[in-house]
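Okay, so here's the structure we're looking at.
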2 protein chains.
Amino acid sequence: MTAGERRVAIVDAALQEFSEHGFEKATTDAVARRAGISQPYVIRLFGSKRAVFEAALDRAFTAVETAFSDAAAAAGGGDPLRAMGAAYGRLLEDRVLLMMLLQAFAASGDDRVKAVVRERMSRMHARVAELSGATPDRVREFFAMGMLLNVVAALELPELLGGPDWADRMCEAL
Amino acid sequence: MTAGERRVAIVDAALQEFSEHGFEKATTDAVARRAGISQPYVIRLFGSKRAVFEAALDRAFTAVETAFSDAAAAAGGGDPLRAMGAAYGRLLEDRVLLMMLLQAFAASGDDRVKAVVRERMSRMHARVAELSGATPDRVREFFAMGMLLNVVAALELPELLGGPDWADRMCEAL
DNA sequence: CAGGGTTGTAATCGGCTGATAACCATCCGG
DNA sequence: CCGGATGGTTATCAGCCGATTACAACCCTG
């Protein structure tokens, strides 16, 4: 397997580990085992644990951006913002991407992570505003609901549906 | 100083450390130094690092609940939900409480943390619905905007006001 | 088939950190 | 003044984890 393919596999594994455990608790050894290789090789291909984290974060943001672009393109005559919201809801299903974003927000105490997140969020905001043509108020509400859904995903509230009604109420936004 | 007073001081220190660094990266030694005592004493008074975290989390949730109750009580004839939103904005100013909540969400990969957060969020949701008398839709939007503000606080976007316009747009919700 | 680049591993190190154990100081009631 | 309860500390351990080093297998290409 080429180093490039290996890198992809490592980012796959890293996305799982970091999204579940966060930057600090996730170990490069767990990433390596998940990718089927040895821990030192992970470090060698990326240089450091932080670099692996940033690669995984980059993929997560890129996936969301792609989903938004595709949804807007496929919206046709409908409301692009609603189409993007539905696309985000679909991303929610596997929980991994969204948890990764939440972990990145939480890791923003670190200045480098914060800089990356700021830059990507800035891009995403501009892109959503451009694709949707919506008012600033609606765009803000769109992002607010997205953040709520991140937390809903983190707490695994969908599995509570049919339970306490507050979970229902929050989830029906989809 | 009595053990009870010491516990309060430790929770104060823990709130700072955990909110900034998250559960994993924050150290009991840093908490101890901030509280002006030795690291083993922190462990002895709380039993474990996790217990310190949970105590700090409890205080954060309680502070928010108190702020909401006070705001609703002081709302008079005005809109209680708007008053609570303003109160949340005021809490945002010191960033610590909100960051603590965000860290708790991120730490929800841990089942015990997740259980605590679910329970407290459930209580808070019920309380807000009761105090405000608002429709489920409005209550959900209220929480969504709160989650957005958490992220805004984490990324320290207010310091960007006057910079890229997306930060302005998100912050003007206050 | 020589040999260098590529892909990978085993062994190990070194620092950090939560937790434990043992000990010490101070205060106060009888 | 004695002795236990209370409020602490120092010293130390034991495990984890990221990173480094040195080495090994493989595969092309000339």
Side-chain angles (χ1 to χ4, degrees), chain A residues 1-58 100 103-104 106-107 109-113 116, chain B residues 1-59 100 103-104 106-113 116:
Chain A
M1 203 179 278
T2 72
E5 292 167 331
R6 210 52 105 170
R7 265 176 232 268
V8 172
I10 290 173
V11 172
D12 284 344
L15 211 40
Q16 299 282 335
E17 292 294 326
F18 284 129
S19 69
E20 185 171 351
H21 301 295
F23 176 68
E24 300 294 336
K25 192 172 185 179
T27 69
T28 56
D29 188 63
V31 171
R33 266 183 283 116
R34 191 181 279 270
I37 57 176
S38 66
Q39 176 264 340
Y41 197 37
V42 172
I43 297 298
R44 202 156 84 171
L45 286 181
F46 284 84
S48 69
K49 179 185 183 183
R50 170 188 297 277
V52 180
F53 181 79
E54 290 179 5
L57 184 57
D58 181 84
M100 185 70 205
Q103 295 297 351
D110 180 292
D111 285 340
R112 287 200 40 177
V113 172
V116 170
Chain B
M1 203 180 279
T2 73
E5 291 168 330
R6 210 51 108 169
R7 265 175 230 268
V8 171
I10 291 173
V11 173
D12 284 343
L15 209 41
Q16 299 283 333
E17 291 296 324
F18 284 130
S19 69
E20 185 171 350
H21 301 296
F23 177 68
E24 300 295 335
K25 192 172 186 181
T27 67
T28 56
D29 188 63
V31 171
R33 267 183 282 115
R34 191 182 279 271
I37 57 175
S38 66
Q39 177 265 339
Y41 196 37
V42 172
I43 298 298
R44 203 156 83 173
L45 286 181
F46 285 83
S48 68
K49 179 186 182 182
R50 171 189 296 278
V52 179
F53 181 80
E54 289 179 6
L57 184 56
D58 181 83
R59 173 175 303 181
M100 184 70 205
Q103 295 297 350
S108 292
D110 180 291
D111 285 339
R112 288 200 38 177
V113 172
V116 170

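Below, chains carry the letters A, B, ... as their sequence lines are ordered, and counting in each starts from 1.
- The salt bridge (charged side-chain N to carboxylate O under 4.0 Å, His left out) test applied to A/Arg112 returns A/Glu54, not counting sequence neighbours.
- Note: CZ (A/Arg7) to P (C/dG8) measures 11 Å, nearest angstrom.
- Using a 4.5 Å heavy-atom threshold, the side chains of B/Phe18 and B/Leu57 count as separate.
- Counting heavy atoms from C-beta on, the side chains of B/Ile10 and B/Ile37 come closer than 4.5 Å.
- For the pair A/Asp29 CG and C/dA10 C1', the computed distance is 13 Å after rounding to whole Å.
- Between the CD1 atom of A/Ile43 and the P atom of D/dT21 there is a distance of 14 Å, given to the nearest Å.
- A/Tyr41 has no side-chain polar atom (N or O) that falls below the 4.0 Å cut-off from OP1 or OP2 of C/dT9.
- For the pair A/Phe53 and A/Glu17, the minimum side-chain heavy-atom distance is 4.5 Å or more.
- Contacts of A/Ala26 with the nucleic acid, taken as non-hydrogen atoms under 4.0 Å apart, involve only primed sugar atoms and P, OP1 or OP2.
- The interatomic distance linking A/Ile10 (CD1) with C/dT9 (C1') rounds to 14 Å, in whole Å.
- Note on B/Thr28: a side-chain N or O is less than 4.0 Å away from OP1 or OP2 of C/dG18.
- Using a 4.5 Å heavy-atom threshold, the side chains of B/Val113 and B/Phe23 count as separate.
- The pair B/Asp12-B/Arg59 meets the salt-bridge criterion, since a charged nitrogen lies less than 4.0 angstrom from a carboxylate oxygen.
- Of the residues in residues 44-52 of chain B, those lying under 4.0 Å from DNA chain C by heavy-atom distance are B/Arg44, B/Ser48, B/Lys49.
- At a threshold of 4.5 Å between non-hydrogen side-chain atoms, the residues A/Val42 and A/Val52 count as touching.
- At whole-Å resolution of the value, NZ in A/Lys25 and P in C/dT17 are 16 Å apart.
- Between B/Arg33 atom CZ and D/dG8 atom P the separation is 18 Å, expressed in whole Å.
- Between the P atom of C/dT7 and the CD1 atom of A/Ile37 lies a distance of 12 Å, rounded to the nearest Å.
- In this structure, B/Thr27 reaches the sugar-phosphate backbone alone: every heavy-atom distance under 4.0 Å involves primed, P, OP1 or OP2 atoms, never a base.
- Here the P atom of nucleotide C/dG18 and the CD atom of B/Glu17 are 11 Å apart, to the nearest Å.
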